[in-house]
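What follows is a set of notes on a single structure, which appears directly below.
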Amino acid sequence: MFFSIIIPLYNRPQEIKELLSTLCKQTYMQFEVLVIEDGSVNDAKDIVASFENKLDVKYFYKENSGQGFSRNFGFERAKGDYFIIFDSDILVPSDYLEIVKDYLYEHKLDAFGGPDAAHESFTPVQKAISYAMTSPFTTGGIRGNKKHIGQFHPRSFNMGLSREVYEKVGGFILTRLGEDIEYSIRIHENGFKIGLIPAAKVYHKRRTSFKQFYKQLHFFGRARINIYKHFPSELKAVHFFPAIFTLGLGFTILCNVFFRPLPYVCNFFVLLYFLLIFFHAWQINKSIKIAFLSVIASFIQLTAYGLGFIQDFVKRVLLKSKD
């Protein structure tokens with residue numbers, strides 16, 4: 001089994017250096033790497049070239065078109081039996097491809113995804129963000145686990161598909177705003193078998209600051225409405241949770257500060273929720289500092305996603321704007 005690893009890249013040369021370094025350590029080496037530089041100003045050409053004697057790696061530079069269409073660019077040039085899509089901000093465990101290869105031989109998946117986790121080298125903020133995006137007490141916890149809600153939709157930080165899928169379904173038709181979910185839905189609709197490979201995890205750095213994390217999650221909230229516009233049946237009750245949480249929290253704050261304070265029981269449940277996150281994050285990471293930061297990250301995860309969701313729900317669904 002031969003893999004083609006496709007990595008879009010935009011102004012992140014240091015990230016690709018770290019990612020390629022982890023690919024050099026794979027226990028299964030039947031793969032090529034295609035780095036697609038998406039119109040970057042700060043390009044990584046020389047960095048990628050420094051790995052040419054260690055990996056079967058190819059570098060391409062193209063005009064900026066977004067990550068979805070950059071992946072299509074890689075698909076068109078890939079030689080593998082399976083295409084694996086990675087984001088540039090991940091680290092890959094040394095046995096990742098071995099795990100994927102063995103699982104695919106046994107289960108015959110046409111497309112797959114895997115979970116993400118925090119690496120020990122991550123900063124406390126990155127570990128807190130990772131917690132928020134994988135916790136069972138936030139909406140992040142519905143992804144990348146055995147008990148996901150509804151159909152499993154691989155995410156593009158850790159996603160694979162067979163050549164047969166690409167030849168029948170084609171590539172991405174969206175370049176951003178939920179492009180990976182839209183692609184997964186079309187793969188499902190064409191009758192292909194998609195599954196989660198639980199052990200095929202990657203270490204996902206995501207963002208290095210809460211400000212960057214807020215922008216990313218606000219974008220994710222908007223992306224869910226973009227998916228709804230293409231596939232109305234894919235908008236589930238759980239997707240409204242961050243918006244309801246955000247509106248409820250805003251109402252609670254306004255009442256307590258400017259109007260009649262709410263009953264203590266209402267404030268108690270808000271406090272209880274964040275205490276639950278604090279102690280769970282403490283148990284997972286064995287650090288009070290990361291537990292405290294995880295509360296902040298979870299608050300940002302829910303409110304940023306909720307505000308992005310509300311913004312585009314009002315604009316594109318209620319007001320039917322086409323912008």
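Excluded from the calculations below are hydrogen atoms, water molecules and symmetry mates; all remaining heavy atoms, backbone and side chain alike, are included.
A donor-acceptor pair shorter than 3.5 Å can be found between the side chains of E37 and Y59. A side-chain N or O of R316 and one of N226 form a donor-acceptor pair less than 3.5 Å apart. Neither side chain, H153 nor Y183, offers a donor N or O lying under 3.5 Å from an acceptor on the other.
Here the CD1-CG distance, from I7 to L34, works out to 8.5 Å after rounding to the nearest 0.5 Å. Distance check: F137 CZ to L302 CG gives 13.0 Å after rounding to the nearest 0.5 Å.
Between F73 and F60, the gap from one ring centroid to the other is short of 6.0 Å. For F75 and F83, the distance between ring centers is under 6.0 angstrom.
Counting only heavy atoms from C-beta outward, the side chains of S156 and D87 approach each other to under 4.5 Å. Counting only heavy atoms from C-beta outward, the side chains of V48 and L20 approach each other to under 4.5 Å. Side-chain contact check for L19 versus I90: some heavy-atom pair is nearer than 4.5 Å.
The nearest pair of heavy atoms linking P13 to I16 is O-CG2, 3.1 Å.
A salt bridge links R186 with E182: the closest approach of a Lys/Arg side-chain nitrogen to an acidic carboxylate oxygen falls below 4.0 angstrom. Using a 4.0 Å cut-off between charged side-chain N and carboxylate O, R71 and E179 make a salt bridge.
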Could you give me the CA-CA distance, side-chain angles and deciding distance for Y131 and H280, then say whether ring pair (Phe, Tyr, Trp, His ring centres under 6.0 Å) is met? CA-CA 10 Å; Y131 172 84; H280 185 253; 5.5 Å; yes

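A ring pair (Phe, Tyr, Trp, His ring centres under 6.0 Å) with F86 is found for exactly one of Y96, Y203, F157, namely Y96. Of the residues Q126, E15, E18, the one that meets the side-chain hydrogen bond (donor to acceptor under 3.5 Å, both in side chains) test with K205 is E18.
The side-chain hydrogen bond (donor to acceptor under 3.5 Å, both in side chains) analysis of residues 20-34, with sequence neighbours excluded, yields the pairs S4-E32, T27-E98, E32-K58. Within the structure, salt bridge (charged side-chain N to carboxylate O under 4.0 Å, His left out) contacts touching residues 214-232 (residues at least two apart or in different chains) are R222-D312. Applying the salt bridge (charged side-chain N to carboxylate O under 4.0 Å, His left out) test to every pair with at least one member in residues 61-70, sequence neighbours left out, gives these pairs: D38-K62.
Taking the six-membered ring where the residue is Trp, F313 and F309 present parallel rings, their angle staying beneath 30° rather than reaching 60°.
Heavy-atom contacts from other residues, nucleotides or ligands closer than 6.0 Å to CZ of F299 number 12 or fewer.
Both cation-pi conditions hold for K168 and F192: the charged atom is under 6.0 angstrom from the six-membered ring centre and inside a 45 degree cone around its axis. Geometrically, K211 does not engage Y214 in a cation-pi contact defined by less than 6.0 Å to the ring centre and at most 45° from the axis.
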